[in-house]
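Below: one structure, written as structure tokens.
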Amino acid sequence: DTFRIRYARLWRSLMMADLDEIKASCHDIGVDNAFPLFAAMLTARPYDEIIERSKTGSFSAASAAPESQADRAVIRGYAKQFLKDIFVLLGTLPPQMLLLLKMNDCLRHIDFALGSPTNTIVIA
């Protein structure tokens, strides 16, 4: 139950773009210094967009549009740039979080294989 509450608190803070709460929620899950990377991994958006939303008080980033080829290319570039940090971060996560990340990956693959949009609701 504790993990579920911490995870829900993290997502609430991501949705609200509450930077202090994102940092605190990540800390509770076991992510300290790499919280911007973790938030970017969860939302599949650059952390800068969360910062932008925190300044404007908006629930969506100015660039929040359906995922394009350019967006995917940027995300791939970030993944390559931060690959070592991502592996270190994954090594610190609790098993429940790893399971959620893998489940999300499987669901995205199924959506793609079925021709459904992978991001029907823009989160960040």
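Since the model is a prediction, treat every value here as computed from it, not as a measurement. FYI, the numbering just counts along the sequence from 1.
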Query raised in the report: Okay, side chain of Arg53, backbone of Leu14: is any donor-acceptor separation there less than 3.5 Å?
Result: yes

Query raised in the report: Between Gly30 and Thr92, what is the shortest heavy-atom contact and its length?
Result: O-OG1, 4.1 Å

**Report entry** Beyond-backbone contact of Asn104 with Leu42, side-chain heavy atoms, under 4.5 angstrom
**Finding:** no

Requested in this report: Taking the side chain as every heavy atom from C-beta outward, state whether Asp32 and Lys23 have any pair of such atoms under 4.5 Å apart.
Outcome: no

Query raised in the report: So, do Asp28 and Phe3 sit near enough that their side-chain heavy atoms are less than 4.5 Å apart?
Result: no

Query raised in the report: So, do Arg45 and Ile50 sit near enough that their side-chain heavy atoms are less than 4.5 Å apart?
Result: no

Query raised in the report: Ion pair present between Arg108 and Asp105, side-chain N to carboxylate O less than 4.0 angstrom?
Result: no

Report summary line: What one should report as the nearest heavy-atom pair of Met97 and Tyr7 is CE-CE1, 3.5 Å

Query raised in the report: Taking side chain as C-beta onward, heavy atoms only, is Phe38 less than 4.5 Å from Leu10?
Result: yes

Query raised in the report: Is a donor on one side and an acceptor on the other found under 3.5 Å between the side chain of Ser25 and the backbone of Ile22?
Result: no

**Report entry** Salt-bridge criterion met for Asp1 and Arg4 (N-O under 4.0 Å)
**Finding:** yes

Requested in this report: Establish whether Leu90 and Leu37 are linked, either directly or via other cluster members, by ILVMFWY side-chain heavy-atom contacts under 4.5 Å.
Outcome: yes

